[in-house]
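Within every chain, numbering begins at 1; the chains are lettered A, B, ... in the order of the sequence lines, protein sequences first and strands thereafter.
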2 protein chains.
Amino acid sequence: MSNEKVIQILQDHGIKPSYQRIKIYEYLINEKNHPTADMIYRELAPGIPTLSKTTVYNTLKLFNSVDVVQKIMIEENEVRFDADMNKHGHFKCLGCGDIYDFPIKSTAIDYGMPEGFELKDEHIYCTGYCSECSSLQEKTS
Amino acid sequence: MSNEKVIQILQDHGIKPSYQRIKIYEYLINEKNHPTADMIYRELAPGIPTLSKTTVYNTLKLFNSVDVVQKIMIEENEVRFDADMNKHGHFKCLGCGDIYDFPIKSTAIDYGMPEGFELKDEHIYCTGYCSECSSLQEKTS
DNA sequence: GTATCTGCAAAACATTTGCAATTCT
DNA sequence: AGAATTGCAAATGTTTTGCAGATAC
């Protein structure tokens, strides 16, 4: 995604596009690797020598508060971030640790939510083994 | 649930039914309130003066490792526990903070998982407002 | 009597906070 | 200059670890 488009998206959500914010959003939208705050920091810090982890945390919190990124809480003690706000599920491979997106057929879910409940947010999380790690497992067992 | 049945369940999963383990499992299965480790500790400590938080953590980890309890990671920085291992979703009310179970119609979900992926675990988490908190909101707005 | 379980204290780790320095307009 | 943003250092809160004492069979 181009620099201009990133700036546009941030401004559309009322966020001033500072250098750090642009870089962090660019990273999320281009890499699509569902990083933790720490992973973002480690990736960007070499290119932005003054970058601090606090800024990464501040920025992610800001992004999340205006719904330009979502939090993925698929494993305890690590929050991951995703700039793809379209409806999809997340699968974490217990082998390689990667997180994969998967489609959710929109009509296919019926929550059976009780009367009067107001739904705000929904997440579908799965764990298991991706096709690569799955075949590795077979060989060793 | 009776003390005998609790002991039976723990033994069926290869867990020695110590006094602390029985109390913790009893609490989870009878209260069904999806507590954090800290909530369990605070509830049980008065009745078990020597109980330590370490034991609560150890016990929950043991229970989870043999699938007698599941972890609920619906909000960052708090893991909750549920002794109900039947398939169901979890809804956290952003007003009162309570977690509600809801049914998942079993045929209603189609993950569209890629070829060769091995599914181990799946969770559906929702947030929003329960009927009580939802009507309170309307009044104040 | 030996293996297991428990619990204290300290450590580890991710995230937040207070505040001063920097940047932007 | 004035307001917002950044970043350092310290604090916070939860979970883990090391190890010694207690317990169970």
Side-chain angles (χ1 to χ4, degrees), chain A residues 3 6-7 10-11 13-27 34-66 68-81 92 97 99, chain B residues 3 6-7 10-11 13-28 34-66 68-81 92 97:
Chain A
N3 193 274
V6 166
I7 292 174
L10 295 183
Q11 287 179 333
H13 289 84
I15 292 175
K16 282 192 191 164
S18 75
Y19 183 70
Q20 289 87 337
R21 287 169 179 174
I22 293 168
K23 288 298 177 190
I24 291 171
Y25 188 78
E26 259 178 357
Y27 181 78
H34 314 91
T36 62
D38 191 62
M39 284 160 72
I40 295 169
Y41 174 74
R42 291 202 313 269
E43 288 293 321
L44 296 183
I48 313 169
T50 66
L51 185 67
S52 77
K53 228 181 239 188
T54 303
T55 297
V56 176
Y57 278 109
N58 286 343
T59 302
L60 291 169
K61 181 174 279 191
L62 176 66
F63 285 177
N64 183 64
S65 73
V66 297
V68 302
V69 306
Q70 61 174 314
K71 292 181 186 175
I72 303 174
M73 283 158 292
I74 202 167
E75 263 198 337
E76 61 195 306
N77 297 335
E78 72 167 29
V79 181
R80 287 162 168 268
F81 294 88
K92 173 156 182 169
I99 290 184
Chain B
N3 192 275
V6 167
I7 292 173
L10 296 183
Q11 287 179 332
H13 289 82
I15 292 174
K16 282 191 192 170
S18 76
Y19 183 71
Q20 289 87 335
R21 288 169 178 176
I22 293 168
K23 287 298 178 190
I24 291 171
Y25 188 78
E26 259 177 357
Y27 180 78
L28 282 162
H34 315 90
T36 62
D38 192 61
M39 285 162 72
I40 296 170
Y41 174 75
R42 291 202 313 269
E43 286 294 321
L44 297 182
I48 313 171
T50 65
L51 184 68
S52 77
K53 228 180 240 188
T54 303
T55 298
V56 176
Y57 279 109
N58 286 341
T59 302
L60 290 169
K61 180 173 280 192
L62 176 66
F63 285 176
N64 182 65
S65 72
V66 298
V68 302
V69 306
Q70 59 173 313
K71 293 180 185 173
I72 303 174
M73 282 155 295
I74 203 168
E75 263 199 334
E76 62 195 306
N77 297 336
E78 73 169 29
V79 182
R80 287 163 169 267
F81 295 89
K92 173 155 184 170

For this session: In whole angstrom, give the distance that lies between atom NZ of A:K53 and atom P of D:dA10.
Result: 16 Å
For this session: Establish, with yes or no, whether the OP1 or OP2 oxygen of D:dT6 is under 4.0 angstrom from a side-chain nitrogen or oxygen of A:S18.
Result: yes
For this session: Report the nucleotide, chosen from D:dT16, C:dG7, D:dG7, that has the shortest atom-to-atom distance to any side-chain atom of B:Q20.
Result: C:dG7
Exercise. Given side chains that start at C-beta, do those of B:L60 and B:L28 come closer than 4.5 Å, heavy atoms only?
Worked result: yes
Problem set entry | Verdict with reasoning, B:R21 to B:L62, per side chain to side chain contact (heavy atoms under 4.5 Å, CB included) | CA-CA 10 Å; B:R21 288 169 178 176; B:L62 176 66; 3.5 Å; yes
Exercise. Any sub-3.5 Å donor-acceptor pair from A:R80's side-chain atoms to A:H34's backbone N or O?
Worked result: yes
Exercise. Which part of the nucleic acid does B:T50 contact within heavy-atom distance under 4.0 Å: base, sugar-phosphate only, or nothing?
Worked result: sugar-phosphate
Problem set entry | B:T54 side chain near C:dT6 phosphate (N/O to OP1/OP2, under 4.0 Å) | no
For this session: Take the protein atom CE of A:M39 and the nucleotide atom P of C:dT15, then report the distance between them rounded to whole Å.
Result: 12 Å
For this session: For A:L51 and C:dA21, give me the distance from atom CG to atom C1', rounded to whole Å.
Result: 16 Å
Seminar exercise, completed: Between CD1 of B:I22 and P of C:dT6 the distance, given in whole Å, is 10 Å
Exercise. Taking for each residue the nucleotide of DNA chain C with the nearest heavy atom, is it B:R21 or A:F81 whose nucleotide lies nearer the 5' end?
Worked result: B:R21
Exercise. Over how many whole Å does the gap from A:Y19 atom OH to C:dT23 atom P extend?
Worked result: 13 Å
Problem set entry | Side chain of A:K61 (C-beta onward), nearest among C:dT17, D:dT17, D:dT5 | C:dT17
For this session: Show your working on side chain to side chain contact (heavy atoms under 4.5 Å, CB included) between B:Y57 and B:K61 and close with a plain yes or no.
Result: CA-CA 6 Å; B:Y57 279 109; B:K61 180 173 280 192; over 6 Å; no
Problem set entry | Nearest-Å distance for atom pair CD1/P, residues B:I48 and C:dC5 | 17 Å
For this session: Measure from the side-chain N and O atoms of A:T59 to the backbone N and O of A:T55, and report whether any donor-acceptor pair falls under 3.5 Å.
Result: yes
Exercise. Should A:Y57 be listed as having a side-chain N or O under 4.0 Å from OP1 or OP2 of C:dT15?
Worked result: yes
Problem set entry | Between C1' of C:dC5 and OH of B:Y25, the distance in whole Å | 20 Å
For this session: Select one nucleotide: of C:dG7, D:dT5, C:dT17, the one nearest the side-chain heavy atoms of A:K16.
Result: D:dT5
Exercise. More 5' along DNA chain C: A:N77 or B:L62, using each one's nearest nucleotide?
Worked result: B:L62
Exercise. In whole Å, what is the span from the CG atom of A:D38 to the P atom of C:dA12?
Worked result: 17 Å
